[in-house]
Amino acid sequence: MAEASRWHRGGTPKPNLHYSKEVEIRTTLQELALYFIFLINLCILTFGMVNPHMYYLNKVMSSLFLDTSAPGDERTNFKSIRSITDFWKFMEGPLLEGLYWDAWYTNKTLYDLKNSSRIYYENILLGVPRVRQLKVRNNTCKVYSSLQSLMDECYDRYTSKNEDLADFGLQVETEWKYSPPDSTSPWHWGFVGVYRNGGFIFTLSKSKSETKNKFIDLQLNSWITRGTRVIFIDFSLYNANVNLFCIIRLVAEFPATGGIITSWQFYSVKLLRYVSYYDYIIASCEITFCIFLIVFTTQEGQKIREFKSAYFKSVWNWLELLLLVLCFLTVSFNIYCNVQIFLLLGDLLKNTDQYSDFYFLAYWHTYYNNIIAVTIFFAWIKIFKFISFNKTMSQLSSTLSRCIKDIVGFAIMFFIIFFAYAQLGFLVFGSQVDDFSTFQNAIFAQFRIVLGDFNFAGIQQANRILGPIYFITFIFFVFFVLLNMFLAIINDTYSEVKADYSIGRRPDFELGKMIKKSYNNALEKLRLKKPEEDEDKKNEKGGDLVERARREGFDENSSSCHLQKFLPESSCFVV
């Protein structure tokens, strides 16, 4: 009857989309539940790779080799090396003492040095340490003609073209003969240049006295020359107590300007993956991860076949493809690292008197950790796909989509002014202030100024006139004007979106309501809760009852208390 009355009044029946909506809700909830299981598994897998002992092992080793002073000279440690004399003091002092812990504090011998060497008693030195240097040839740079009478030598900065490949000095041992680089070894990116592997190499001995004599011999025969551009000190150790490897590289760069610039790398990595019971739990998570990867790849393949080119129009689909690519990369890196670890450890156990290049493994293991970190980041970002039906998230996405054109226009104007100030700072303060020493440093220094981290004293000292002018005008135009314009664009657009939502514009369905409805349906099926009518049905039923009351002769403004014979469960309200 109610349907017929609406037809007679000239209305149109409301389409019944109840079934399709229920299917969409059920599908979304199933995908969300499955994805949460995948995300929890991925979190367990990634956190299982990180050990709090990694930080403490790096801290202990850095304190030993970087902060320990040379005997008789409390001001000289690896961080404070500024000359070749300081470098040899470090080699014969802190380095030598740090590598060989052959006796307890009571001078009691603890270990057989022919088989193993220890650091801090608890860490086994793997193989022997290696020292290598890279040199450049003489006359690799051009001297101005008027000054050529004052100097007959010129050593340019290090490049692969300028590298000196000729033997020198005594030419009897490997440290005086050039060793070609290994094609598989990574290059080192230092402060002054990028250095490849190979060079003039010598390995230390298991004996502390032999190593000391070696250092004295190299120093007396001038192993470090004017052409030396970098020296690497590489060694690795293993701590069985925490099952961690620590790969250490100490770098001393000799720039063409003179002096020494020191840097260091400490990598604590877990190369032996499956030792304890917890490690086997991580292994089961790895297997589960591979299963999820196969399932998700199959699903995305089906979507591509079904939607074809329309599939690539969605940002979320591109995020899915990015996650799949990252996941496949992590699996490939994991397999590669495990194979290399197995081969390298086998070679080490065969000959413990040679240097083992664990830096190669640490390098790739660091990239593996970086890919895992990026993967888990985008995995968490994907949750927005499921909560985008929420009212707040829908408002946020609508705000960003509406103001994207204004933001792009603003960004062009912002970066024109920003880069102009960066180039001004680089040219004016670059030779005096470390934060502006390069154009890239100037850009990041200005971002720090916006966040309140700045060195005004250094800027002012570099140029007493342009320094304050640069700082004040940059703060005014960038901080007070441009950033407030950016916030005004966002706030204005958000106000418009919020106004649209207040007049009835809503997302098709919200995640909170979906979960609540599924929860109520489950309770009703378990008979733990009385079934409730759907909200749309309630509204339709209420409209039919009001229509029936009108046919009985009740006025529209009459109290609802007179309608209780039609609406027995309703409270009094004005219709």
By side-chain hydrogen bond (donor to acceptor under 3.5 Å, both in side chains) - contacts of Asp434 (at least two apart) = none
Should Gln265 and His188 be marked as a side chain to side chain contact (heavy atoms under 4.5 Å, CB included) after you check the CA-CA gap, both sets of side-chain angles, and the distance that decides it?
-> CA-CA 11 Å; Gln265 293 177 341; His188 180 88; 3.6 Å; yes
Between Tyr195 and Trp187, is the gap from one ring center to the other below 6.0 Å?
-> no
If you count the non-hydrogen atoms of other residues, nucleotides and ligands that lie under 6.0 Å from CZ in Arg448, is the total more than 12?
-> yes
Test ring-ring contact (aromatic ring centres under 6.0 Å, His included) applied to Tyr35 - qualifying residues, sequence neighbours left out | Phe38, Phe386
Taking the side chain as every heavy atom from C-beta outward, state whether Thr174 and Ile201 have any atom pair closer than 4.5 Å.
-> no
Return yes when atom NZ of Lys270 has more than 12 non-hydrogen atoms of other residues, nucleotides or ligands closer than 6.0 Å, and no otherwise.
-> yes
Residue pairs involving residues 242-258 (criterion salt bridge (charged side-chain N to carboxylate O under 4.0 Å, His left out); sequence neighbours excluded) | Asp234-Arg249
Rounded to the nearest 0.5 Å, the OG1 atom of Thr228 sits from the NZ atom of Lys135 at a distance of 6.0 Å
May I have the step-by-step check of side chain to side chain contact (heavy atoms under 4.5 Å, CB included) for Trp264 and Leu250, ending in yes or no?
-> CA-CA 5 Å; Trp264 50 86; Leu250 307 179; 3.9 Å; yes
Tyr55 atom OH, over 12 foreign heavy atoms within 6.0 Å | no
Rounded to the nearest 0.5 angstrom, the OG1-CG distance for Thr262 and Leu66 is 8.0 Å
Is there side-chain contact between Gln446 and Phe418, with at least one heavy-atom pair below 4.5 Å?
-> yes
Side chain to side chain contact (heavy atoms under 4.5 Å, CB included) assessment of Leu170 paired with Asn221 | CA-CA 8 Å; Leu170 301 181; Asn221 291 282; 3.7 Å; yes
ring-ring contact (aromatic ring centres under 6.0 Å, His included) with Tyr178: which residues, sequence neighbours excluded?
-> Phe200
Quick one: pull up CG in Asp156 and CG in Asn138 and give me the separation to the nearest 0.5 Å.
-> 11.5 Å
Enclosure of Lys59 NZ (heavy-atom neighbours >12, cutoff 6.0 Å) = no
For Tyr56, look at atom OH and say whether over 12 heavy atoms of other residues, nucleotides or ligands are found less than 6.0 Å away.
-> no
Classify the angle between the aromatic ring planes of Tyr238 and Phe245 as parallel (below 30°), tilted (30 to 60°) or perpendicular (above 60°).
-> tilted
Look at atom OH of Tyr120 and say whether more than 12 heavy atoms of other residues, nucleotides or ligands are closer to it than 6.0 Å.
-> yes
Roughly how far, to the nearest 0.5 Å, is the CG atom of Leu244 from the CE atom of Met54?
-> 5.0 Å
How would you list, by chain and number, every residue that makes a ring-ring contact (aromatic ring centres under 6.0 Å, His included) with Phe456, sequence neighbours excluded?
-> Phe471
Can you spot which of Phe78, Phe235, Phe266, Phe90 makes a ring-ring contact (aromatic ring centres under 6.0 Å, His included) with Phe65?
-> Phe235
Are Thr46 and Thr375 close enough that some pair of their side-chain heavy atoms sits under 4.5 Å apart?
-> no
Would you say the side-chain atoms of Tyr100 and Thr211 include a donor-acceptor pair closer than 3.5 Å?
-> yes
Which pair of heavy atoms, one from Cys327 and one from Leu293, lies closest together, and at what distance?
-> CB-CD1, 3.5 Å
Residues which pass salt bridge (charged side-chain N to carboxylate O under 4.0 Å, His left out) with Arg196, listed by chain and number, not counting sequence neighbours = Glu163
Check for a donor-acceptor pair, side chain of Trp223 on one end and backbone N or O of Glu175 on the other, with a separation under 3.5 Å.
-> yes
Kindly indicate whether the side chain of Ile231, heavy atoms from C-beta on, has any atom under 4.5 Å from the side chain of Ile224.
-> yes
Pairwise side-chain contact, Trp318 with Leu322, heavy-atom cut-off 4.5 Å (strictly under) = no
Going from CG on Leu326 to CD1 on Ile376, what distance comes out if it is rounded to the nearest 0.5 angstrom?
-> 11.5 Å
Give the C-alpha distance, both sets of side-chain angles, the deciding distance and a yes or no for side chain to side chain contact (heavy atoms under 4.5 Å, CB included) between Ile261 and Val192.
-> CA-CA 8 Å; Ile261 300 175; Val192 181; 3.8 Å; yes
Between the CD1 atom in Ile119 and the CD1 atom in Ile248, the distance rounded to the nearest 0.5 Å is 6.0 Å
Could you check Asn77 against Ser80 for side chain to side chain donor-acceptor pair (under 3.5 Å), going step by step and ending with a plain yes or no?
-> CA-CA 5 Å; Asn77 55 32; Ser80 63; 3.1 Å; yes
Shortest non-hydrogen pair, Asn139 vs Glu153, comes out as OD1-CA, 4.5 Å
Short side-chain to backbone donor-acceptor contact, Arg157 and Pro255, under 3.5 Å = no
Is the Phe254 to Tyr158 ring centre distance short of 6.0 Å?
-> no
Answer yes or no: is there a side-chain heavy-atom contact under 4.5 Å between Phe202 and Trp176?
-> no
Which heavy atom in Pro181 sits nearest to a heavy atom in Asn197, and how many Å separate them?
-> CB-O, 2.9 Å
Mind listing the closest non-hydrogen atom pair of Tyr359 and Pro186 along with its distance?
-> CE2-CG, 4.2 Å
Check whether any side-chain N or O of Arg137 sits under 3.5 Å from a backbone N or O of Lys161 as a donor-acceptor pair, and report yes or no.
-> yes
Will you find, in the side chains of Ser209 and Ser207, an N or O donor that is under 3.5 Å from an N or O acceptor?
-> yes
Side-chain touch Leu34/Phe292, heavy atoms, less than 4.5 angstrom = yes
Are the ring centres of His365 and Tyr267 closer than 6.0 Å?
-> no
Taking all heavy atoms of Phe358 and all of Ser236, pick out the closest pair and write down the distance.
-> CB-OG, 3.2 Å
Gln461, CD atom: more than 12 neighbouring heavy atoms under 6.0 Å = no
Any donor-acceptor pair under 3.5 Å from Lys206 side chain to Gly127 backbone | yes
Less than 4.5 Å apart, any side-chain heavy atom of Ile37 and any of Asn41?
-> no
Parallel, tilted or perpendicular: ring planes of Tyr336 versus Trp364, cut at 30 and 60 degrees | perpendicular
Worked verdict on Asn239 versus Asn123 for side chain to side chain donor-acceptor pair (under 3.5 Å) = CA-CA 5 Å; Asn239 190 308; Asn123 306 281; 2.8 Å; yes
Nearest heavy-atom approach of Ala422 to Ile443 is CB-CG1, 4.0 Å
Test item: side-chain donor near acceptor, Asn334 and Asn338, under 3.5 Å = yes
